[in-house]
Amino acid sequence: MTATGGALPSPPPPASRARRLYVRLRTWNSRRSVLLGTFAILAVLPVLFPSAYTISTLLFFIPWYIAMTQSWNISGGFSGQLSFGHWGLLGVGAYTTAILAVTFGYNVVVAMIVAALVTLVLGLVIGYIGVGLRGAYFAIATLAAAALMQLIMLNWQSLTGGTFGFPLFFLIIPPVELYYGALVLAAVATLIVYLISRNSLGLAFEAIRENEDVAQATGVYPRGFKALAFGLSGAIMGPVGGLFALSSHYIDPSSAFNLLYNLQIILLVVVGGRGKVFGPVVMAILFAWVFEVALTNFSLYNDLITGVIMFVAVMLIPRGVFGFRGIPAFLSF
Amino acid sequence: MGFNPFLVALLGGLGVGSLYVVFALGMTLLIGVMRVINFTHGYLMLLGAYLAFFLWEDYGLNPLLSLVIVLPALFAVGVLFHFLMVQPVLKRPYFEDTTLLLTFAGFLIMDNLYVSFWTDNQRQIPTSYFTTAVVIPSPWGDAVLSQVVLLGAGLAAAATILLWAYLRYTWSGRAMRAASQDLEAAQLLGIPARWLYATSFGLSAALAGVAGVVVSMEFLFFPEFGFDYLLKAFGVIMMGGMGNIGGTIAGGLVLGVAESLTAYVYNGAYGVWSAGAAYVAILGALAIRTVLKRDQ
């Protein structure tokens with residue numbers, strides 16, 4: 001090859017001040033500070049809105065949805081296991097916490113930690129059974145597992161009260177404490193997701209999601225990693241269920257096992273971006289209000305509205321709201 | 001000689017199992033031809049059931065005659081669903097996951113629409129078939145079945161045989177099998193994938209319609225039935241193998257008998273465990289597969 005003569009291309013014109021500001025903003029990449037700032041704002045919220053009513057009907061659901069969404073994000077977003085079983089883990093967590101705290105009189109925090117261990121084990125088992133399954137088949141397996149959990153809770157009447165439900169009326173916890181409990185859980189869940197995304201573990205999960213055979217050929221063992229992802233994800237759902245039981249004061253097999261929650265968190269992860277850290281948090285903050293406040297006014301059409309949003313989101317924005325070109329880097333992670 | 005309750009449970013299970021077969025065949029067809037798991041299948045079945053019910057209530061139409069209307073209507077709905085949920089995302093990288101999420105959204109939408117239009121009331125078409133008993137004598141004691149169970153089994157068998165003949169002897173049926181084996185090769189040979197897919201979605205919905213008409217005569221149905229039957233179909237498919245028609249037939253009969261015998265053993269004393277047979281079937285089939293290390 002010979003070098004060609006001729007004039008060099010002229011240098012680009014100097015950027016305007018606004019343009020430079022825009023580029024700086026787009027490439028400002030302080031993920032940690034964005035996350036910390038978001039959680040700091042969430043921590044201050046109950047101070048700004050101290051009414052117990054506001055906290056228990058609105059604010060509580062923000063960190064609660066964040067924790068739930070990040071839980072689905074670990075298995076569904078990173079390692080690509082479409083789980084339709086998280087509603088079952090939520091119900092098991094709710095019942096474990098309620099039974100330990102009310103029937104056996106344990107401390108609520110201890111009960112929730114035990115619930116986390118129970119759902120961790122359940123998640124590992126389901127994850128291990130389902131490792132050979134891809135996509136839709138895993139979804140069916142998890143759906144069946146969750147339905148089986150619901151059936152067991154329904155029929156184990158001596159322990160759970162069956163269809164009569166399980167009251168927690170005497171276990172009164174101030175909404176503020178529930179809020180901060182949910183916030184701690186949300187922070188832990190987000191931290192796990194953040195660490196996974198910055199770690200070789202996240203790369204392994206994503207490799208499995210993109211192409212399991214190639215992942216295995218390059219030394220990533222899908223069986224263990226998929227079980228681990230689902231176990232981690234399950235461990236978060238236990239306390240989430242516990243918080244649900246404590247905040248609703250009364251659970252029965254149809255309220256604690258609600259497939260709609262599963263769909264909502266799938267929707268939040270899909271819209272926020274699968275395998276992202278901050279997108280699902282933002283979506284949970286935005287949609288907690290929609291799901292819990294706006295929709296209670298149309299509770300007859302709750303499923304319908306959620307389904308339509310889901311349909312449109314999957315159809316039009318498959319890579320999530322933050323997946324478009326031109327979204328600043330400090331938001332799209 | 002007196003009754004043999006075990007035999008009654010066994011035959012009743014086979015009768016219900018034949019209903020599961022025809023219901024799950026529709027789903028298997030979609031999985032086999034285009035790898036779409038249709039979560040709305042249970043609600044398509046219910047659409048058939050409600051259609052038959054309202055044709056009977058408003059026009060006094062015999063549910064068996066209403067098949068003439070239900071089948072084309074469900075076929076049209078299936079084709080519509082194809083162009084709504086499958087065709088637009090056919091080229092997406094995560095095609096299976098995407099259709100799963102879309103049909104799941106459809107499942108929620110349909111559930112809510114059914115409840116708001118037709119309420120939670122339990123409905124059934126009261127036919128003389130339901131109240132007429134058939135006694136089947138056997139050396140181990142008599143078995144008594146309702147006529148409607150035999151009728152349902154006959155309809156299911158007819159639908160299964162027709163589907164088999166369609167796949168075996170017609171051009172489009174053979175094209176469907178070709179597409180399920182190798183889509184690109186089939187397209188190279190001039191098979192139009194879009195219309196083939198639309199047809200198979202329509203056929204799948206029509207099979208759900210047959211199951212729906214049977215359900216409308218045999219059971220008290222209400223919107224939650226859609227979800228229960230969806231899980232039963234998954235159980236059948238998991239036992240029979242994905243997209244495997246022979247396996248689906250065997251799996252459906254096994255599931256029907258398993259549910260019936262579970263109810264026979266527990267006799268309703270400890271709540272309803274029989275619904276669990278489907279879940280155990282799904283998880284058991286998966287666990288066995290995992291142990292045998294056969295990947296999907």
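All chains are named by letter (A, B, ...) in the order of the sequence lines, taking the proteins before the strands, and each is independently numbered beginning at 1.
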For the residue pair A:L259 and B:F107, establish whether any side-chain heavy-atom pair is separated by less than 4.5 Å.
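Side chain of A:L259 against side chain of B:F107, heavy atoms only: contact under 4.5 Å found.
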**Message:** Would you say that A:N262 contacts B:F104 through its side chain, given a criterion of any heavy-atom pair below 4.5 Å between the two side chains?
**Reply:** no
(message) Checking an interface table here. Which of residues 224-239 of chain B come within a heavy-atom distance under 4.5 Å of chain A?
(response)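 Answer by number: B:F227, B:L231, B:F234, B:M238.
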>> Under 4.5 Å from any heavy atom of chain A, what part of B:L102 do you find: side chain, backbone, both or neither?
In response: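 Both parts, backbone and side chain.
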If one checks every heavy atom of B:L101 against chain A at 4.5 Å, the contacting part turns out to be both
Atom group of A:I266 that falls short of 4.5 Å from chain B, counting heavy atoms: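 Side chain only.
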Cut-off 4.5 Å, heavy atoms of chain B, and the answer for A:I309 is neither
Interatomic distance, [X] atom [atom1] to [Y] atom [atom2] [nearest 0.5 angstrom]:
X: B:D97; Y: A:R209; atom1: CG; atom2: CZ; value: 10.5 Å
X: A:I140; Y: B:I37; atom1: CD1; atom2: CD1; value: 3.5 Å
X: A:Y301; Y: B:I109; atom1: OH; atom2: CD1; value: 14.0 Å
X: A:T142; Y: B:I282; atom1: OG1; atom2: CD1; value: 10.0 Å

On a heavy-atom basis, which atom in [X] and which in [Y] lie closest, and how many Å separate them?
X: A:M315; Y: B:R92; result: O-NH2, 2.5 Å
X: A:A141; Y: B:L283; result: O-CD2, 3.7 Å
X: A:L304; Y: B:N112; result: N-ND2, 2.8 Å
X: B:A105; Y: A:F311; result: CB-N, 3.9 Å

Sorted by chain and number, sequence neighbours left out, side-chain hydrogen bond (donor to acceptor under 3.5 Å, both in side chains) with A:S75 holds for none
Answer yes or no: does atom CH2 of A:W156 have more than 12 heavy-atom neighbours from other residues, nucleotides or ligands under 6.0 Å?
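Atom CH2 in A:W156 is not packed in, count stays at 12 or less.
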